[in-house]
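Shown next, in structure tokens, is the structure this report addresses.
Here is the naming used below: chain letters follow the sequence lines, and residue numbers restart at 1 for every chain.
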Amino acid sequence: MSTPDVLARDAYQAAFAALQERLPGFSDARSTAAAALDFPVRRSEAWRFTQARNLLQTTYTPRGQALGPLPEGVLSLDELPASVAQHLLSVAPTTGFAGLNAAFFTEVAGLHSAAGTSRQVELTLTHRELSVPRVLVVAEAGSSLELLVRHDVLDGLAVPVIEIVAHPTSRVSLTHVVHDRGGHFAGVVAGSLTGSTVALQSVFSRASDGIARLDVAVDLGEGSRFDSSGLVLGRGRSHTDHHLAIAHSGHRAVSTQQFRNILDERSRAVFTGEVHVQRGVTGSDATQSANTLLLSDDASAVARPWLVIDNDDVKAAHGATVGRIDPDALFYLRARGIGALEAQRLLTGAFAGEVVETVPEAFREAVRAVVDAYLEGAA
Amino acid sequence: MLELVDVHAEIDGKPILKGLSLVIRPGEVHAVMGPNAAGKSTLSKVICGHDAYTVTGGDIRFEGESLLELAPEERARAGIFLSFQYPVEIPGVSTSYFLKAAVNAVRKSRGEDELSAVDFLKLARERMKLVDMTKDLLNRSVNQGFSGGEKKRNEIFQMAMLEPKLAILDEMDSGLDVDALRIIASGVNALRSPERAMLVITHYQRLLDYLVPDFTHILVDGRIVKSGDAELAKVVEDRGYDWIRAEIGAGA
């Protein structure tokens, strides 16, 4: 009997065979990814707490219209110079759900930051059916980019992939905001850092009961720094999974992870922060915290710090907490005349605040508005 | 202004207040003293509506209306203020944001216009002087990292901002040295007025040297067993609580 992953693989491979001729470029890489399609339904530690099979119940039709018109200075696949395009499919994995993207992608938003330049860019991606856009960031030495990517998930299965190639002394900050009104999300952010500084702020504001997962895979070369933070705003029966795999492959690399979940109703969140310090690599510094605020008795969270360290010269710290609104703080605010609901919002907003503060100033108001909408119960 | 009539209250099924009666009129300062576990903190929490405590008998009336069905915020808006024995730290909420929300919630319920940011700051700067507070505290998270003295000053500052009709000061002196106590007591004295009543709950008489009450009550085992003027506090200071216990025992 065929299992859901085999059925899905067969269906997507058939779709690929039919479409193959019309997909733009990268034919070898696409064929390889399609042939190797394999979904993490069984025996996958990385997907242990998230039901990958739920993403496979329907075979969606690839639909290449997530991006819309690109903002000025953002290049389409046709416009990418070869020196930039060569990095496509080179940083992010092409297996698991990302394999769907590697096989079927047609849309690319390319951001090439020339040496010494500085800019801010906002992208909005609207996802329906099988949505597989790619974003490629190539940051040259001394450049600085602040990028806001908003995902609006309407239905289907969204598998966007963001690849970041950050050359020495460049700085990239990615503010990644997912708002779902239906469907499922299985996105990837992958980075290759060589003596550069990259920051990621991942925000999920959940309005549907689907699964949302972000896989973050980052390789830290010598002297690199990766600061990640995340905020899950959960409600309904939504399930949200942050999965980070951070490889310290060069000396003196620093990684920080600061993740917070606010979970209402029957929502659930999973956080896995895998840090791998490779053999012979010295002077690593890795810190991690995962804190959850439960607003309902039926919400739940799983947090897994996951440090794999192959040597002694490492500074590592991690902590995880799960708690509720502090009744003493609530009483204190109410005893000053602040209504119960407003007091709860104030305390919940403060819990989110620490992550909001990590967002670059240019996008902070936008993220704060997402949090406020959640606190006010708006979808 | 405040009437407690034969109040019985319990926490986790354990009776704490066992028939407490007390009347406070506008302008009066009442001190309630008592040994540990007499029910002093319960008294303040019950008046303010803390939901861990259940009133099982009697009534609490404020300006003639029963408070028992009112939420803590409704009691605060009616004009009751509690200075906490242990002010709560609230990371991530700035003192100014919190206090502006509180002041405007109270003003709104009185039918007054909300204060603008500018007017709020102006008022805050003026009222901070009462307790020698510096304005950088406004930008810090509520009570977070405050010293014991700063926390207590912040309580009195909040009282000055909220202008309550009745202020309950729960163990205001705990954890303070004499200098801090003097500053805070002078702030409180400046807030005394013919319209405002105060209920000062304390274990030690020391505070009452600085904040002289009109009436003193002794609370033992959930009941007020003796009332008098400021002199009564001094007797307690000299002789402790045992003689009162003995007196009650003899009378029973």
Within residues 343-365 of chain A, contacts to chain B at heavy-atom distances under 4.5 Å involve A/Leu346, A/Leu347, A/Ala350
Look at atom CD of B/Glu65 and say whether more than 12 heavy atoms of other residues, nucleotides or ligands are closer to it than 6.0 Å.
-> no
Mind checking what makes salt bridge (Lys or Arg N to Asp or Glu O under 4.0 Å) contact with A/Arg266, not counting sequence neighbours?
-> A/Asp298
Is it the case that more than 12 heavy atoms not belonging to B/Asp136 sit under 6.0 Å from its CG atom?
-> yes
Among B/Val106, B/Val93, B/Leu99, single out the residue with the greatest number of heavy-atom pairs under 4.5 Å to chain A.
-> B/Val93
Over 12 foreign heavy atoms within 6.0 Å of CZ, A/Arg304 = yes
Given a strict heavy-atom distance threshold of 4.5 Å, which part of B/Val142 is in contact with chain A: side chain, backbone, both, or neither?
-> side chain
Exceeds 12 heavy-atom contacts within 6.0 angstrom, atom CZ of A/Arg171 | no
Non-hydrogen atoms of chain A under 4.5 Å away: do they reach the side chain of B/Tyr86, the backbone, both or neither?
-> neither
Contacting region of B/Glu74 [heavy-atom separation from chain A under 4.5 Å] | neither
Per-residue contacts, residues 327-342 of chain A versus chain B, heavy atoms under 4.5 Å = A/Asp328, A/Ala329, A/Phe331, A/Tyr332, A/Leu333, A/Arg334, A/Ala335, A/Arg336, A/Gly337, A/Ile338, A/Gly339, A/Ala340, A/Glu342
Max heavy-atom pairs within cutoff under 4.5 Å with chain A, candidates B/Ala105, B/Gly92, B/Ala76, B/Pro72, goes to B/Pro72
Just jot down the side-chain contact (heavy atoms from CB on, under 4.5 Å) partners of B/Ile24, sequence neighbours excluded, or say none.
-> B/Leu2, B/Leu22, B/Glu28, B/His30, B/Ala197, B/Leu199
B/Asn143, part contacting chain A, at a heavy-atom distance under 4.5 Å = side chain
Does a sphere of radius 6.0 Å around CZ in B/Phe120 hold more than 12 heavy atoms from other residues, nucleotides or ligands, not counting ones at 6.0 Å or beyond?
-> yes
Checking heavy atoms, do the side chain of B/Pro87, its backbone, both or neither come under 4.5 Å from chain A?
-> both
